[in-house]
Amino acid sequence: MSSVNEGADMSRPDGPVVLGIETSCDETGVGIVRGHTLLADTIASSMEEHARFGGVVPEVASRAHLEAMTPTVESALAKAGLRFSDIDAVAVTAGPGLAGALLVGVAAAKAYALGLGVPLYGVNHLAAHVAVDQLEHGPLPKPAIALLVSGGHSSLLLVPDVAQDVVSLGSTVDDAAGEAFDKVARVLGLPFPGGPHIDRAAREGSGAAVAFPRGKLDDGTLDFSFSGLKTAVARWVEARVASGETVPVADVAASFQEAVVDVLTRKALQACARYDVKDLLIGGGVAANSRLRALAQERCDAAGVRLRVPRPGLCTDNGAMVAALGSELLAAGVEPSSLEIPADSSLPITAIHV
Ligand code: KG4
Ligand code: ZN
């Protein structure tokens, strides 16, 4: 597969159709896009199988991907009203993520690309979280600042062009933001994954109830740290339990959440100011957080920065984001991936495609 146009009908007025496959964690996501138009976004999740372990079990996730792959692809095609012969290119998450889980998606994508005679694009999961916003809000301004907050990553990125160039400005030095939500939820006795439960519980509480620490807030870097905050919450709850008092779950959830989103939004706007960029994008699972969305909007309005956040369903892992980045690469004339590409569990953010 040496040419971008091989198998891809670039001459169609409405653009080529890209099938995207995501299997980096517990979601088997299959998306279909035509240019920037979303045609289908189908997800099978194995989360229920992991919940009782309090975290994603890699072997369970891999097996679930294997079982879900064919039905999820078929269901996406049915939703889009398309047949296999309508697919012009296949994109797949090549990393970062769980090695075994990634492998299932990469192997399936290679088989579909080979069988259909269309180009394959192995893409970066993190860049895909950025690219997905284009399905909802149109082309991404160049450059933009992206705040990427998920269960595995928390990064600030300068994005001159999501198909060509992504620069890391800062990242977490310990826990990812989503990981902190999940761990604090466990301390509060809330189910896994904790983010949505903390979000919900916090609505009944006060973000000012407990003054939890804001790690690295004014250290001059664009890095984050959430491990000290997580420990502070655990100690606070332990002290309450030890003294026989009830734990005010809603207040603790709201105060913890406030500490996280305060730091995330401040640092994101510091990045915009430092690089003189007027467009901020927030992506990744934690971008579904209602308080993060509200505070980011407030602070962007005050700073004259335009904010873009995809709807919650496109923030958490999905196949549409992979198809969106694949479509972007195809349109930019990027050379397709070889059918020999590996799944790379620690693919760096600067490698947009492999
Ligand atoms: O992007 P994602 O679906 O998967 C990864 O690539 O990690 O992110 C999952 C993370 C989990 O830690 C989950 O708790 C968090 O996103 N999350 C949230 C919310 N919804 C999902 N965190 C805070 N508030 C939410 N509403
Ligand atoms: Zn993700």
Side-chain angles (χ1 to χ4, degrees), residues 20-29 31 41 43-47 50-51 54-56 58 61 65 92-98 101-102 105 123-133 146-155 157 171-172 175-188 190-203 207 224 226 229-230 253-254 256-265 281-296 309-322 324-325 345-347 349:
I21 296 177
E22 154 63 35
T23 63
S24 69
C25 194
D26 62 297
E27 257 104 26
T28 312
D41 185 20
I43 288 180
S45 172
S46 57
M47 185 50 76
H50 306 290
V56 174
H65 286 311
V92 63
T93 300
L98 302 171
L102 288 167
V123 310
N124 190 306
H125 180 82
L126 307 176
H129 268 304
V130 175
V132 72
D133 184 66
L147 169 66
L148 200 63
V149 272
S150 72
H153 296 85
S154 303
S155 297
L157 310 168
S171 60
T172 181
D175 292 355
E179 194 180 348
F181 269 93
D182 296 338
K183 288 177 176 170
V184 165
R186 190 199 282 235
V187 167
L188 292 176
L190 299 171
F192 177 84
H197 296 282
I198 290 197
D199 195 346
R200 215 167 300 130
R203 285 178 205 157
F224 303 104
F226 298 109
L229 168 61
K230 172 196 69 186
F256 157 75
Q257 176 175 271
E258 198 63 24
V260 175
V261 306
D262 182 23
V263 177
L264 291 177
T265 52
L281 167 87
I282 308 185
V286 181
N289 184 268
S290 60
R291 179 61 186 148
L292 174 59
R293 298 168 82 97
L295 188 61
V309 197
R311 62 180 144 83
L314 291 180
C315 289
T316 44
D317 290 349
N318 61 81
M321 64 193 232
V322 179
L325 181 52
S345 60
S346 52
L347 189 68
I349 177 61

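The shown structure was predicted, so the numbers you read here are calculated from the model rather than taken from an experiment. Atoms within each ligand, like the ligands themselves, are counted from 1 in listed order.
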Novice: Mark yes or no for whether Asp182, through its side chain, and Gly194, through its backbone, hold a donor-acceptor pair below 3.5 Å.
Specialist: yes
Novice: Run the contact test for Gln257 against ligand 1 with a 4.0 Å cut-off on heavy atoms, strictly below, and give the result.
Specialist: no
Novice: Going by the atom numbers of ligand 1, which of them fall below 4.0 Å from some non-hydrogen atom of Gly152?
Specialist: 7 (O)
Novice: Please evaluate residues Leu295 and Glu258 with respect to the criterion side-chain contact (heavy atoms from CB on, under 4.5 Å), reporting the C-alpha separation (whole Å), side-chain torsions for both, the decisive distance (0.1 Å), and the verdict.
Specialist: CA-CA 9 Å; Leu295 188 61; Glu258 198 63 24; 4.2 Å; yes
Novice: Side chain, backbone, both or neither: which part of Asp199 comes within less than 4.0 Å of ligand 1 when only heavy atoms are counted?
Specialist: side chain
Novice: Might you point out which heavy atoms bring Ala287 and Ile282 nearest each other, and give the distance in Å?
Specialist: CB-CG2, 3.7 Å
Novice: Does His129 have any ring-ring contact (aromatic ring centres under 6.0 Å, His included) partners at least two apart in sequence or in another chain, and if so, which?
Specialist: His125
Novice: Which residue owns the protein heavy atom closest to atom 12 (O) of ligand 1, what's the atom, and how far is it?
Specialist: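 Residue, atom and distance for the closest contact: Asp182 OD2, 2.8 Å.
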Novice: Could you tell me, atom by atom, which parts of ligand 1 come under 4.0 Å of a heavy atom of Thr316?
Specialist: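 Those of ligand 1 that fall under 4.0 Å from Thr316 are 3 (O).
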Novice: Before signing off on this row, confirm whether Gly151 and ligand 1 have an N or O atom pair separated by under 3.5 Å.
Specialist: yes
Novice: In terms of atom number and element, which parts of ligand 1 are under 4.0 angstrom from non-hydrogen atoms of Ala288?
Specialist: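 Contacts of ligand 1 toward Ala288, numbered from 1: 20 (N), 26 (N).
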Novice: Which heavy-atom pair separates Gly152 from Ala176 by the least distance, and what is that distance?
Specialist: C-CB, 3.5 Å
Novice: Using ring centroids (six-membered ring only for Trp), state whether Phe181 and Phe226 fall under 6.0 Å.
Specialist: no
Novice: For Val56 and Ala61, which heavy atoms make the closest approach, and how far apart are they?
Specialist: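 Where Val56 meets Ala61 most closely, the heavy atoms are CG1-CB, 4.1 Å.
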Novice: Identify the heavy atoms of Pro96 and Ser24 that sit nearest to each other, and give their distance.
Specialist: O-CB, 3.6 Å
Novice: One residue to check: Glu27. Relative to ligand 1, which of side chain, backbone, both or neither has a non-hydrogen atom less than 4.0 Å away?
Specialist: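 For Glu27, no heavy atom sits under 4.0 Å from ligand 1.
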Novice: For ligand 1, is any non-hydrogen atom under 4.0 Å from Asn289's backbone (N, CA, C, O), its side chain (CB onward), both, or neither?
Specialist: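 Both the backbone and the side chain of Asn289 come within reach of ligand 1.
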Novice: Taking Asp199's backbone N and O only, do any of them form a donor-acceptor pair with Arg291's side chain (distance below 3.5 Å, no angle check)?
Specialist: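 Side chain of Arg291 to backbone of Asp199: no pair is present.
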Novice: Among Thr23, Asp26, Thr28, find the residue that satisfies the side-chain hydrogen bond (donor to acceptor under 3.5 Å, both in side chains) test when tested with His65.
Specialist: Thr28
Novice: May I ask you to list the protein N, O or S atoms found at less than 2.8 Å from the Zn ion (ligand 2)?
Specialist: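 Metal shell, protein only: His125 NE2, His129 NE2, Asp317 OD1.
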Novice: Do Arg200 and His197 come within less than 4.5 Å of each other through their side chains, counting heavy atoms only?
Specialist: yes
Novice: For ligand 1, which is the ligand I care about here, please tell me if Gly285 has any N or O atom under 3.5 Å from one of the ligand's N or O atoms.
Specialist: yes
Novice: Using a strict 4.0 Å cut-off to heavy atoms of Gly195, name the atoms of ligand 1 that fall inside it.
Specialist: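 Counting from 1, the qualifying ligand atoms are 14 (O), 18 (C), 19 (C), 22 (N), 23 (C), 24 (N), 25 (C).
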Novice: Closest heavy-atom contact between Pro312 and Ala288?
Specialist: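 In terms of heavy atoms, the two residues are closest at CB-CB, 4.0 Å.
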Novice: Under 3.5 Å, side chain of Thr172 to main-chain N/O of Ser154, donor-acceptor pair present?
Specialist: no
Novice: With a 4.0 Å cut-off on heavy atoms, is Cys25 in contact with ligand 1?
Specialist: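 Outside the 4.0 Å threshold, so no.
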Novice: In terms of residue, atom name and distance, what is the protein heavy atom nearest to atom 2 (P) of ligand 1?
Specialist: Asp317 OD1, 3.3 Å
Novice: Is there a polar contact between ligand 1 and Gly178, counting only N or O atoms under 3.5 Å apart?
Specialist: yes
Novice: Show the atoms of ligand 1 that are less than 4.0 angstrom away from any heavy atom in Ser150.
Specialist: 1 (O), 5 (C), 6 (O), 7 (O), 8 (O)
Novice: Would you confirm whether Asn318, through its side chain, and Leu314, through its main-chain N or O, come within 3.5 Å as a donor-acceptor pair?
Specialist: yes
Novice: Can a non-hydrogen atom of His125 be found less than 4.0 Å from any atom of ligand 1?
Specialist: yes
